[in-house]
Novice: 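This is the structure I have questions about; it appears just below.
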Amino acid sequence: MLDTIQRFFQQALAEPERSDDPAPTLERATAALLCEVMRADYHTDEAQLVALRDLLMSHFQLSAEAVEELMEMARDEVENSVDHYQFVSLIKQHYDYAQRCELVRMMWLLANVDASHNALEEHRIRRLADLLHVSHSDFIRTKLQVQGKVG
């Protein structure tokens with residue numbers, strides 16, 4: 001299983017132009033980073049899973065079945081990955097700055113599902129935002145936007 005996932009990402013990263021449909025790759029990378037935020041505090045509750053499903057369905061316009069499959073693959077990839085490089089590099093390669101900011105906003109939405117994110121989730125989002133080259137001011141702006149919606 002791990003070999004299959006590694007081969008997939010090596011092929012996608014090495015030859016993204018040859019892929020007929022790069023969207024699933026980007027969807028999986030996005031879902032994997034969102035899963036990273038969700039599991040940052042070592043506790044995943046049902047509300048976060050529902051929020052992740054909703055975020056993926058609305059962001060990518062996917063069916064419920066496709067989202068379930070995407071979530072399963074993303075969780076497997078996150079569990080078996082050593083670092084975030086494969087996900088982050090693919091997103092940086094294909095997403096413009098505004099799309100990367102939107103991804104950080106989605107991370108905050110997921111972290112704030114329980115209305116009180118913790119320091120571990122914030123640290124993970126900060127780290128991912130840095131890796132995605134999202135400025136600190138946009139990191140804070142997206143955080144405050146989401147907290148305004150929640151609170």
Side-chain angles (χ1 to χ4, degrees), residues 5-6 8-10 12-13 16-17 19 21-64 66-151:
I5 293 169
Q6 287 176 331
F8 168 79
F9 275 105
Q10 287 171 349
L13 291 172
E17 302 83 27
S19 174
D21 184 14
T25 303
L26 290 170
E27 290 167 351
R28 273 187 231 115
T30 299
L33 292 181
L34 291 171
C35 284
E36 275 294 319
V37 172
M38 188 172 64
R39 62 185 226 127
D41 61 357
Y42 307 103
H43 173 71
T44 302
D45 59 20
E46 188 60 31
Q48 285 181 315
L49 291 172
V50 169
L52 179 59
R53 259 185 224 102
D54 292 346
L55 281 170
L56 294 173
M57 284 176 69
S58 65
H59 187 73
F60 292 118
Q61 311 299 307
L62 296 173
S63 68
V67 167
E68 289 301 322
E69 183 178 334
L70 178 61
M71 285 175 58
E72 172 122 5
M73 290 174 15
R75 280 183 275 181
D76 287 344
E77 289 169 0
V78 166
E79 290 292 326
N80 294 312
S81 68
V82 175
D83 61 21
H84 305 108
Y85 176 78
Q86 58 195 359
F87 311 125
V88 170
S89 64
L90 193 61
I91 288 171
K92 284 191 319 190
Q93 185 177 16
H94 293 282
Y95 280 13
D96 63 21
Y97 187 77
Q99 290 171 309
R100 294 192 313 264
C101 286
E102 174 61 17
L103 178 54
V104 172
R105 189 186 71 78
M106 291 168 63
M107 291 176 189
W108 281 118
L109 286 169
L110 193 57
N112 282 289
V113 165
D114 57 6
S116 62
H117 70 275
N118 65 39
L120 293 172
E121 291 169 328
E122 181 162 348
H123 175 74
R124 184 69 46 92
I125 296 170
R126 179 182 299 267
R127 184 170 161 213
L128 291 172
D130 286 345
L131 291 172
L132 291 168
H133 298 284
V134 171
S135 71
H136 183 71
S137 60
D138 286 326
F139 164 81
I140 296 297
R141 181 184 51 79
T142 57
K143 175 183 178 180
L144 295 175
Q145 284 175 343
V146 168
Q147 287 177 340
K149 289 181 182 179
V150 173

Novice: To the nearest 0.5 Å, what is the distance between CG (L109) and CG (L52)?
Specialist: 11.5 Å
Novice: Between L144 and I140, is there a side-chain heavy-atom distance shorter than 4.5 Å?
Specialist: yes
Novice: Please report the interatomic distance NE2(H59) to CG(D54), rounded to the nearest 0.5 Å.
Specialist: 14.0 Å
Novice: Minimum heavy-atom separation for S58 and L55, please, with both atom names.
Specialist: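 Closest approach of S58 to L55: OG-O, 3.3 Å.
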Novice: So do the side chains of D76 and E79 get within less than 4.5 Å of each other, counting heavy atoms only?
Specialist: no
Novice: Let me confirm one number: the CG-CG distance from L56 to L62, rounded to the nearest 0.5 Å.
Specialist: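 Answer rounded to 0.5 Å: 7.5 Å.
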Novice: Taking all non-hydrogen atoms of both residues into account, name the closest pair between T142 and C101 and its distance.
Specialist: CG2-O, 3.8 Å
Novice: Using only atom types and a distance under 3.5 Å, with no angle test, would you say the side chain of R100 pairs donor to acceptor with the backbone of I91?
Specialist: no
Novice: Please tell me if the side chains of F60 and T30 come closer than 4.5 Å, counting only heavy atoms from C-beta onward.
Specialist: yes
Novice: Keeping Q99 on the side-chain end and D96 on the backbone end, is there a donor-acceptor pair under 3.5 Å?
Specialist: yes
Novice: Any donor and acceptor pair, going by atom type alone, linking the side chain of D138 with main-chain N or O of V134 inside 3.5 Å?
Specialist: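 The answer is no, because no donor-acceptor pair under 3.5 Å joins these two groups.
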Novice: Find out whether M38 and L49 are in side-chain contact, i.e. whether some heavy atom of one side chain is under 4.5 Å from a heavy atom of the other.
Specialist: yes
Novice: Measuring from S89:OG to H94:NE2, what's the distance to the nearest 0.5 Å?
Specialist: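 That separation rounds to 9.0 Å.
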Novice: Please give me the minimum heavy-atom distance between A51 and V113, naming the atom from each residue.
Specialist: CB-CG2, 3.2 Å
Novice: Compare every heavy atom of W108 with every heavy atom of E122, then report the nearest pair and how far apart it is.
Specialist: CG-CH2, 3.6 Å
Novice: Under the ring-ring contact (aromatic ring centres under 6.0 Å, His included) test, which residues partner H133, sequence neighbours left out?
Specialist: none
Novice: Are F87 and K92 side-chain neighbours, meaning at least one heavy-atom pair lies under 4.5 Å?
Specialist: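 Not touching, per the 4.5 Å side-chain cut-off.
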Novice: Looking at R28 and A74, what are the two nearest heavy atoms and their distance?
Specialist: O-CB, 4.2 Å
Novice: Looking at E102 and R105, does any basic side-chain N land under 4.0 Å from a carboxylate oxygen?
Specialist: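 So E102 pairs with R105 through a salt bridge.
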Novice: Considering only heavy atoms from C-beta outward, does the side chain of L128 approach that of V104 to under 4.5 Å?
Specialist: no
Novice: Does a side-chain heavy-atom distance below 4.5 Å link D130 with R126?
Specialist: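 Answer yes - side chains close enough.
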Novice: Run the salt bridge (charged side-chain N to carboxylate O under 4.0 Å, His left out) test against E68 and tell me which residues pass, sequence neighbours left out.
Specialist: R53
Novice: Roughly how far, to the nearest 0.5 Å, is CD of E69 from OG of S63?
Specialist: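 Reported value, rounded in 0.5 Å steps: 9.0 Å.
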Novice: Is the closest side-chain heavy-atom distance between L110 and M107 below 4.5 Å?
Specialist: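 Not touching, per the 4.5 Å side-chain cut-off.
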Novice: Going from CE on M71 to CG on L34, what distance comes out if it is rounded to the nearest 0.5 angstrom?
Specialist: 10.0 Å
